[in-house]
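Values below: all heavy atoms of this structure, side chains included; hydrogens, waters and symmetry mates excluded.
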Amino acid sequence: MKQNLLDGKALSTRMRAAMRDEVAALSRRHGRAPGLAVILVGDDPASQIYVRNKANGCRDLGIHSISHPLPSDTSQQHLLGLIGELNQDPKVDGILVQLPVPEQIDAEAIIEAIDPGKDVDGFHPYNVGRLTSRIPALRPCTPYGCMKLIAQTGVDLHGKEAVIVGASNIVGRPMAMELLLAGATVTITHRFTEDLAAHVARADLVVAAAGKPGLVKGEWIKPGAIVIDVGINRLPDGSLAGDVEFATASKRAGWITPVPGGVGPMTITMLLANTITAFRNRIGETD
């Protein structure tokens with residue numbers, strides 16, 4: 001089977017070029033750029049990298065990025081107070097709290113405190129519920145990015161068998177809703193699933209998002225299938241690996257995402273897209 005890489009970095013670059021022009025036009029018409037407030041609690045190295053990449057993306061597109069670094073001992077009450085202020089700030093269109101948060105903070109309470117119209121991560125129950133009800137508003141970024149990558153294949157998903165490996169609130173569950181919207185027949189597998197290999201083997205589309213390197217064996221992949229590997233795992237030697245055994249899977253798949261360079265760039269791009277959408281919604285310009 002000929003290997004066809006789904007290059008998230010290249011797609012992200014193309015999308016951001018169009019978004020850059022869009023932000024410039026919006027800024028001219030309305031006298032300000034879309035504004036994104038990013039809150040980072042603590043000094044987790046991985047989170048610092050993610051926040052820096054998001055800030056760089058904002059700068060590249062002309063989005064106004066407002067950083068709120070907070071110490072690791074920040075109380076939940078203080079964080080809720082800051083979110084309340086940002087909810088009321090007319091120059092803030094999107095609010096992002098970088099996860100994970102320290103253990104003294106209830107992440108679900110924080111997510112629910114964000115104005116759903118400013119929830120550019122798409123994690124608020126309102127936005128997840130809209131997606132489930134087939135009337136999406138601000139969509140969870142990683143699944144949204146996966147759908148953009150899948151669209152590059154040109155494959156019509158109506159009636160296709162889609163198997164998701166991993167049932168997290170961030171990827172697995174909203175991914176299932178996205179695929180249902182696209183007409184696929186969807187199975188979500190998780191840690192209690194029996195015979196994972198059999199589920200994967202019948203899939204026309206596999207989305208691996210379990211956070212376990214090499215969990216999905218290459219020989220399980222159905223010839224010609226689309227493989228979206230959301231996993232990004234740091235190996236003992238410092239290299240990065242996905243949840244799918246890439247070397248073998250890439251010989252069987254019709255389309256496959258690399259790690260890194262596949263889903264990762266698209267997640268941040270869809271966050272920026274959601275920020276633009278939130279700005280448009282707030283100013284009443286939805287076309």
Side-chain angles (χ1 to χ4, degrees), residues 6-40 46-69 82-83 86-87 89-99 114-124 127 131 136-152 170-171 174 178 230 232 257-258 260-287:
L6 288 169
D7 189 336
K9 188 174 181 181
L11 176 57
S12 175
T13 297
R14 295 196 299 273
M15 290 183 65
R16 290 193 193 193
M19 291 160 61
R20 191 178 301 114
D21 292 341
E22 182 180 6
V23 169
L26 288 168
S27 299
R28 287 193 298 270
R29 284 200 298 274
H30 301 285
R32 72 171 182 90
L36 173 64
V38 180
I39 302 171
L40 173 62
S47 292
Q48 289 178 329
I49 292 171
Y50 295 145
V51 167
R52 185 165 62 248
N53 288 341
K54 291 165 185 175
N56 289 340
C58 286
R59 186 163 50 251
D60 177 51
L61 297 192
I63 292 172
H64 179 49
S65 177
I66 310 116
S67 178
H68 292 274
L82 174 57
I83 291 171
L86 295 173
N87 282 341
D89 190 333
K91 294 184 179 180
V92 172
D93 304 291
I95 301 170
L96 182 150
V97 179
Q98 182 64 47
L99 300 177
I114 298 171
D115 179 344
K118 296 188 178 187
D119 168 41
V120 289
D121 259 335
F123 293 161
H124 193 286
N127 286 318
L131 179 59
L138 294 175
R139 301 156 93 138
C141 300
T142 297
Y144 197 10
C146 289
M147 295 305 295
K148 295 291 185 181
L149 284 165
I150 293 167
Q152 297 300 297
I170 293 175
V171 182
E178 289 282 6
V230 181
I232 183 161
T257 57
V263 175
M266 292 302 300
T267 296
I268 295 179
T269 294
M270 301 324 297
L271 168 72
L272 300 172
N274 275 350
T275 301
I276 297 170
T277 297
F279 176 80
R280 284 183 172 277
N281 290 343
R282 283 170 48 73
I283 61 176
E285 184 179 315
T286 56
D287 293 333

Which residues share a salt bridge (charged side-chain N to carboxylate O under 4.0 Å, His left out) with Arg16, sequence neighbours left out
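By the salt bridge (charged side-chain N to carboxylate O under 4.0 Å, His left out) rule, Arg16 matches no residue at all.
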
Under the salt bridge (charged side-chain N to carboxylate O under 4.0 Å, His left out) rule, collect the residues that match up with Asp21, sequence neighbours excluded.
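Scan of Asp21 (salt bridge (charged side-chain N to carboxylate O under 4.0 Å, His left out), adjacent residues dropped) gives none.
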
If the test is side-chain contact (heavy atoms from CB on, under 4.5 Å), which one of Ile39, Leu86, Asp119, Leu96 qualifies with Ile114?
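Running side-chain contact (heavy atoms from CB on, under 4.5 Å) over Ile39, Leu86, Asp119, Leu96 with Ile114 returns exactly one hit, Asp119.
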
Arg20 and side-chain contact (heavy atoms from CB on, under 4.5 Å): which partner among Asp60, Leu272, Ile63?
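So the option named by the test is Asp60.
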
Kindly write out the residues that satisfy side-chain hydrogen bond (donor to acceptor under 3.5 Å, both in side chains) with Lys118, not counting sequence neighbours, or none if the list is empty.
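By the side-chain hydrogen bond (donor to acceptor under 3.5 Å, both in side chains) rule, Lys118 matches no residue at all.
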
side-chain hydrogen bond (donor to acceptor under 3.5 Å, both in side chains) involving Asn56 - partner list, sequence neighbours excluded:
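side-chain hydrogen bond (donor to acceptor under 3.5 Å, both in side chains) check on Asn56 returns Arg59.
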
Does anything in residues 267-279 pair up under salt bridge (charged side-chain N to carboxylate O under 4.0 Å, His left out), and if so which pairs, sequence neighbours excluded?
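Every candidate salt bridge (charged side-chain N to carboxylate O under 4.0 Å, His left out) pair involving residues 267-279 fails, so no pair, neighbours aside, qualifies.
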
Which pairs pass salt bridge (charged side-chain N to carboxylate O under 4.0 Å, His left out) with one or both residues in residues 260-278, sequence neighbours excluded?
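For residues 260-278: none.
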
Has the side chain of Asp93 got a donor or acceptor atom that lies under 3.5 Å from a matching backbone atom of Ala278?
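Pair absent, no side-chain N/O of Asp93 close to backbone of Ala278.
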
Are the side chain of Arg139 and the backbone of Pro174 linked by a donor-acceptor contact shorter than 3.5 Å?
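Pair absent, no side-chain N/O of Arg139 close to backbone of Pro174.
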
At their closest point, which heavy atom of [X] faces which heavy atom of [Y], and how far apart are they?
| X | Y | answer |
| --- | --- | --- |
| His64 | Ala33 | N-CB, 4.2 Å |
| Asn274 | Leu138 | O-CD2, 3.6 Å |
| Gly8 | Met266 | O-SD, 3.7 Å |
| Val120 | Ile95 | CG2-O, 3.8 Å |

Glu178/Lys148 salt bridge by N-O under 4.0 Å criterion
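No, this pair does not count.
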
